[in-house]
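Everything on this sheet refers to the single structure shown next.
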Amino acid sequence: MNALLIITLGLAFLYGILMLSYSYGWRRLKTFDPSAHAYTFNTRVSVIIPARDEEQNLPPLLEALQHQSYPANLFEVIVVDDFSEDGTADIVKYFPAANIRLIRMSDHISKTQRLNSYKKKAIELAIGQAEGHLIVTTDADCVMGPKWLETIVKFYETYHPRFIAAPVAYHREDGFFKKLQSLDFMTMQGITGSVAYLQTGTMCNGANLAYEKTAFEEVGGFTGIDMIASGDDMLLMYKIYHAYPDGVMYLKSREAVVRTLPVDTVGGFMQQRIRWSSKADKYEDKRVTRVLVLVYIWNVILVLLALVAVFNPALWSWWLGVLVYKVVIELIFLAPVASFFRKARMLAWFIPGQPFHIIYVVAAGWLGKFGSYEWKGRQVK
């Protein structure tokens, strides 16, 4: 019992230092204002969108891309149809825009051919045919504001990074469950920006990335990381970071935010989080791995302490005190992040969501290491 309490106090101290450092990093990270910069109209961009059974989601995304303030003659949109069984290909084929084109994976590989990562293959095929110098990736269920590409290009032409991670947020969070997802996702986005400023790790999200085509080619693309189903974002980011330590940056700008949809069901949510956590021990950037291990053990201890308190009621005051500490230290970090994303009102759901958050972290972390998950209708180990 004493050992458990000592471990809890030690982890609480380390976790507090971690969250306060993240708070410092996010607050110090400078916001990029695109209106204060000009672009030279010479950066050609290729927006790449892998899509599988996305006929419902693609129209609003393609409409958003056609309303970009960046000149249409300077960017192309490449949608890669990943063996869809719905009308995904026809949505792209008949969309009324000259700068949007379709690549069918079925024209390049057999449907019976087994791949470790169809998404990486889709992006690889698109980059092979891309005319742009700057590759920008997003997902088929996303939308963005009209200055999205303009902001990315201005940031690129100002600082000349090799790789840009940009912010992603949920929208249409109707209901308690989707609000919890949004808070959790915002936390990850805040940490992404923070570690970029602190230079203590490399994080990103594939729904909003940009990187030089030459950098992708120079590091060998997805070679060496293609055995993992996901990881087209962070695993690639680290390859480029390893080659160009000063060439990876985070774009903190509201104009650059991409909005995506939360998952509808608890089962779908767990499949998503298991997929994300399955990469934890694959990161070459061990700074990220160490943090993930600390956060996982911290949440495991919180669960263990609650279970022990069931048989020793005197420990409930300990558990409650630790939980209050966790909430306070996380809110110190999350409040300015929520303000950036204009979601401060959602913080009211933060405390009620704590039990769900703790349990899902423990379950998804374990299953990501030892279980399997379903992704786009395919079972993945």
Side-chain angles (χ1 to χ4, degrees), residues 4-5 7-23 26 168-170 173-194 203 262-274 276-277 280 291-368:
L4 178 61
L5 295 179
I7 292 171
T8 302
L9 289 174
L11 287 171
F13 175 77
L14 293 175
Y15 190 72
I17 295 296
L18 179 69
M19 295 310 298
L20 289 176
S21 69
Y22 286 162
S23 179
W26 178 261
V168 184
Y170 284 152
E173 303 105 319
D174 53 318
F176 179 62
F177 177 55
K178 291 183 179 180
K179 287 180 170 63
L180 296 187
Q181 290 183 61
S182 188
L183 286 167
D184 183 62
F185 197 71
M186 266 196 296
T187 301
M188 289 187 280
Q189 286 295 303
I191 293 172
T192 299
S194 179
M203 294 178 65
V263 181
D264 290 325
T265 65
V266 174
F269 170 80
M270 288 304 298
Q271 290 292 321
Q272 181 190 67
R273 293 310 201 261
I274 291 168
W276 291 356
S277 64
V291 168
L292 292 174
V293 170
L294 170 62
V295 172
Y296 183 75
I297 295 175
W298 167 244
N299 282 277
V300 168
I301 288 295
L302 288 172
V303 173
L304 287 176
L305 194 59
L307 292 174
V308 173
V310 171
F311 303 97
N312 188 347
L315 287 178
W316 280 119
S317 59
W318 263 88
W319 183 83
L320 183 60
V322 172
L323 186 62
V324 169
Y325 169 80
K326 176 181 183 292
V327 168
V328 171
I329 207 74
E330 289 178 357
L331 281 175
I332 291 173
F333 162 68
L334 188 56
V337 178
S339 177
F340 168 79
F341 285 105
R342 295 195 172 102
K343 293 179 181 290
R345 291 184 178 180
M346 204 167 287
L347 293 176
W349 300 96
F350 186 74
I351 295 176
Q354 283 297 307
F356 172 80
H357 179 266
I358 294 169
I359 293 170
Y360 111 69
V361 168
V362 174
W366 178 267
L367 293 173

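Remember, predicted model here, so these are calculated numbers, not experimental data. Values below: every heavy atom of this structure, side chains too, minus hydrogens, waters and symmetry copies.
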[Y] backbone acceptor or donor facing [X] side chain under 3.5 Å:
X: Ser194; Y: Gly190; value: no
X: Thr8; Y: Leu4; value: yes
X: Tyr170; Y: Gln181; value: no
X: Gln189; Y: Ala169; value: no

task = Starting from the C-alpha separation in whole Å, work towards a yes-or-no answer on side chain to side chain contact (heavy atoms under 4.5 Å, CB included) for Phe177 and Thr265.
result = CA-CA 8 Å; Phe177 177 55; Thr265 65; 5.6 Å; no

ask   = For Ser182, what residues pass the side-chain hydrogen bond (donor to acceptor under 3.5 Å, both in side chains) criterion, not counting sequence neighbours?
value =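 With sequence neighbours excluded, Ser182 shows a side-chain hydrogen bond (donor to acceptor under 3.5 Å, both in side chains) to Glu173, given in chain and number order.
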
With rounding to the nearest 0.5 Å, note down the distance linking [atom1] in [X] to [atom2] in [Y].
X: Leu334; Y: Ser339; atom1: CG; atom2: OG; answer: 10.5 Å
X: Met188; Y: Leu183; atom1: CE; atom2: CG; answer: 11.0 Å
X: Leu20; Y: Ile329; atom1: CG; atom2: CD1; answer: 4.0 Å

message = Are the side chains of Ile358 and Leu323 in contact, using a 4.5 Å heavy-atom criterion?
response = yes

Would you give me the side-chain donor-acceptor pairs under 3.5 Å for residues 350-357, sequence neighbours excluded?
unit_1 : atom_1 : unit_2 : atom_2 : d
Gln354 : OE1    : Lys326 : NZ     : 2.6
His357 : NE2    : Asp184 : OD1    : 3.2

Acceptor/donor pairs from residues 293-311 side chains to any protein atom, 3.5 angstrom cut, sequence neighbours excluded:
unit_1 : atom_1 : unit_2 : atom_2 : d
Tyr296 : OH     : Val362 : O      : 3.1
Asn299 : ND2    : Val295 : O      : 2.8

query = Looking only at side chains, do Tyr22 and Glu330 share a donor and an acceptor under 3.5 Å apart?
reply = no

